[in-house]
Amino acid sequence: MPQITFQNLHSLLLFLIFVIADRREGIGVCGWILVSLSFLLVLVTFPISIWTCIKVIREYERAVVFRLGRILSKKAKGPGMILILPCTDTFIKVDLRMVTCNIPPQEVTILWQCRYCPGRWGYRIHSAVSAVANVTDVHSATFLVAQSTLRGVLGTQSLAQLLAGREEIAHSIQAILNSATEQWGIQVARVEIKDVRIPVAMQRAMAAEAEAARETRAKVVAAQGERNASEALRQASMVLAESPAGLQLRYLQTLTTLVAKNNSTIVFPFPINMLKSSGQKSKEG
């Protein structure tokens, strides 16, 4: 059985360093020494050290490995088994599954209208390295950006525009969020505006305004009807003035209509000629 000498161990150590370690890390001479010592510690304590060096990454996870404070690779590792050197390497797991959350109601005031607009949105991490290296807490930062974006976009829309174009507004919010969170490795999948809540005081004011508008329209319609009726009466009077017999017939028709109904109305016929004579005497006097 061949014996393992110090020279063979040193050669194997150098080979592992050049194969596994990346020369472009720029960790310096001290860094190479520490990495070499870490490899040596793994070899000396083998096979016990293998249980602490091998990590299992699930299918929906990725691992961002840091070696002496520097990111080991621009691409996250996983899924499967990865090798972590003791004392020099650390890693952070990032969940790539879809995250859905509710945006609390945002108070929006524009054109003297106060509205509370809750929303729902979903996002996922597509770059684990950017999510770890570019922001402290990617979920909290994304949530705050979503709140401010929702408030800013809805503040430029009126109530009618919000109710009529809810889908278009949601797509515009999604585009703004994607551009804002792209550097964090976030991809927004969907944004929804659930409903529009109006305070009770504003509901009462809007109801009073709507009722006043309806009353105004009713008065306009009634006035238009009176105008049309007066115009018709004027034309009828002109026709009756040309035919005195027609006026007498209209008078008799009115009496017939009143008598035909079962009511307690008492009708006293009064000759129209007497009305004309009385009118002429008043003019002469």
Side-chain angles (χ1 to χ4, degrees), residues 13-104 120-150 174 176-191:
L13 180 62
L14 291 178
F15 175 75
L16 291 175
I17 290 175
F18 283 103
V19 171
I20 300 177
D22 191 352
R23 292 185 178 182
R24 293 173 297 176
E25 290 179 351
I27 57 179
V29 178
C30 295
W32 284 108
I33 294 174
L34 292 177
V35 172
S36 302
L37 292 177
S38 180
F39 272 110
L40 181 62
L41 179 62
V42 171
L43 293 176
V44 170
T45 59
F46 187 85
I48 299 175
S49 60
I50 197 67
W51 302 106
T52 60
C53 294
I54 293 179
K55 304 297 180 181
V56 178
I57 306 300
R58 297 182 179 90
E59 182 67 29
Y60 56 85
E61 293 178 337
R62 296 295 183 270
V64 180
V65 181
F66 292 87
R67 176 164 294 171
L68 297 177
R70 294 176 176 270
I71 296 179
L72 185 60
S73 175
K74 294 182 179 180
K75 185 177 180 180
K77 298 183 179 298
M81 294 188 301
I82 62 173
L83 179 63
I84 300 297
L85 295 179
C87 305
T88 59
D89 292 356
T90 58
F91 72 99
I92 298 176
K93 288 184 179 180
V94 179
D95 196 334
L96 302 183
R97 291 177 293 183
M98 180 72 68
V99 179
T100 58
C101 57
N102 294 325
I103 303 176
R120 183 187 295 111
W121 71 308
Y123 66 94
R124 60 183 297 273
I125 298 175
H126 67 86
S127 176
V129 176
S130 299
V132 172
N134 295 340
V135 63
T136 303
D137 188 351
V138 62
H139 297 288
S140 177
T142 308
F143 186 73
L144 293 177
V145 170
Q147 283 186 336
S148 60
T149 304
L150 179 65
Q174 180 179 351
I176 295 173
L177 288 176
N178 278 324
S179 62
T181 59
E182 183 179 2
Q183 58 182 349
W184 300 340
I186 298 294
Q187 181 181 3
V188 180
R190 184 174 179 82
V191 178

Worksheet, complete the sentence: dist Thr136:OG1 -> Trp184:CH2 (nearest 0.5 Å) comes out at 10.0 Å
Worksheet, complete the sentence: All heavy atoms of Leu177 vs all of Ala146, minimum pair found to be CD2-CA, 3.7 Å
Discussion item. Could you report the tightest heavy-atom contact between Ala63 and Ile82, atom names first, then the distance?
Written reply: CB-CD1, 3.8 Å
Worksheet entry | For Ala128, all residues meeting side-chain contact (heavy atoms from CB on, under 4.5 Å), sequence neighbours excluded | Arg62, Val64, Ala76, Val94
Worksheet item: About how many Å separate CD1 of Ile176 and OG1 of Thr181, when rounded to the nearest 0.5 Å?
Response: 11.5 Å
Worksheet entry | Side-chain touch Tyr123/Gln174, heavy atoms, less than 4.5 angstrom | no
Practice prompt. Answer yes or no: is there a donor N or O on one side and an acceptor on the other, between the side chain of Asn178 and the main chain of Gln187, under 3.5 Å?
Written response: no
Worksheet, complete the sentence: Rounding to 0.5 Å, atoms CG (Asp95) and CZ (Arg124) come to a distance of 10.5 Å
Worksheet item: Should Val129 and Val132 count as side-chain neighbours, where that means a heavy-atom distance under 4.5 Å?
Response: no
Practice prompt. Output all residues satisfying side-chain contact (heavy atoms from CB on, under 4.5 Å) with Arg190, sequence neighbours left out; order by chain, then residue number.
Written response: Glu192
Discussion item. Run Leu85 and Arg67 through side-chain contact (heavy atoms from CB on, under 4.5 Å) and show every step you take.
Written reply: CA-CA 9 Å; Leu85 295 179; Arg67 176 164 294 171; 3.6 Å; yes
Discussion item. So for atom CE, which belongs to Met98, do other residues, nucleotides or ligands contribute more than 12 heavy atoms lying within a distance under 6.0 Å?
Written reply: yes
Discussion item. Tell me the closest heavy-atom pair linking Phe143 and Ile103, and the distance in Å.
Written reply: CE1-CA, 4.5 Å
Worksheet entry | Beyond-backbone contact of Pro79 with Arg58, side-chain heavy atoms, under 4.5 angstrom | no
Item to complete: Drop me the distance from Thr52's OG1 to Ile54's CD1, to the nearest 0.5 angstrom.
Response: 9.0 Å
Worksheet entry | For Val65 against Lys77, the heavy-atom pair lying closest together | CG2-CD, 3.8 Å
Discussion item. Is there a side-chain contact (heavy atoms from CB on, under 4.5 Å) between Glu61 and Leu96? Walk through the geometry before answering.
Written reply: CA-CA 6 Å; Glu61 293 178 337; Leu96 302 183; over 6 Å; no
Worksheet item: Hey, does Phe66 have a side-chain heavy atom less than 4.5 Å from the side chain of Ile92?
Response: yes
Worksheet item: Could you give the distance from CD1 (Ile125) to OG1 (Thr142), rounded to the nearest 0.5 Å?
Response: 7.5 Å
Worksheet entry | Gln183 CD to Ser127 OG distance, which is reported to the nearest 0.5 Å | 11.5 Å
Worksheet item: Would Ile84 and Cys53 count as a side-chain contact (heavy atoms from CB on, under 4.5 Å) if you check the C-alpha gap in whole Å, the side-chain angles of each, and the deciding distance to 0.1 Å?
Response: CA-CA 5 Å; Ile84 300 297; Cys53 294; 5.5 Å; no
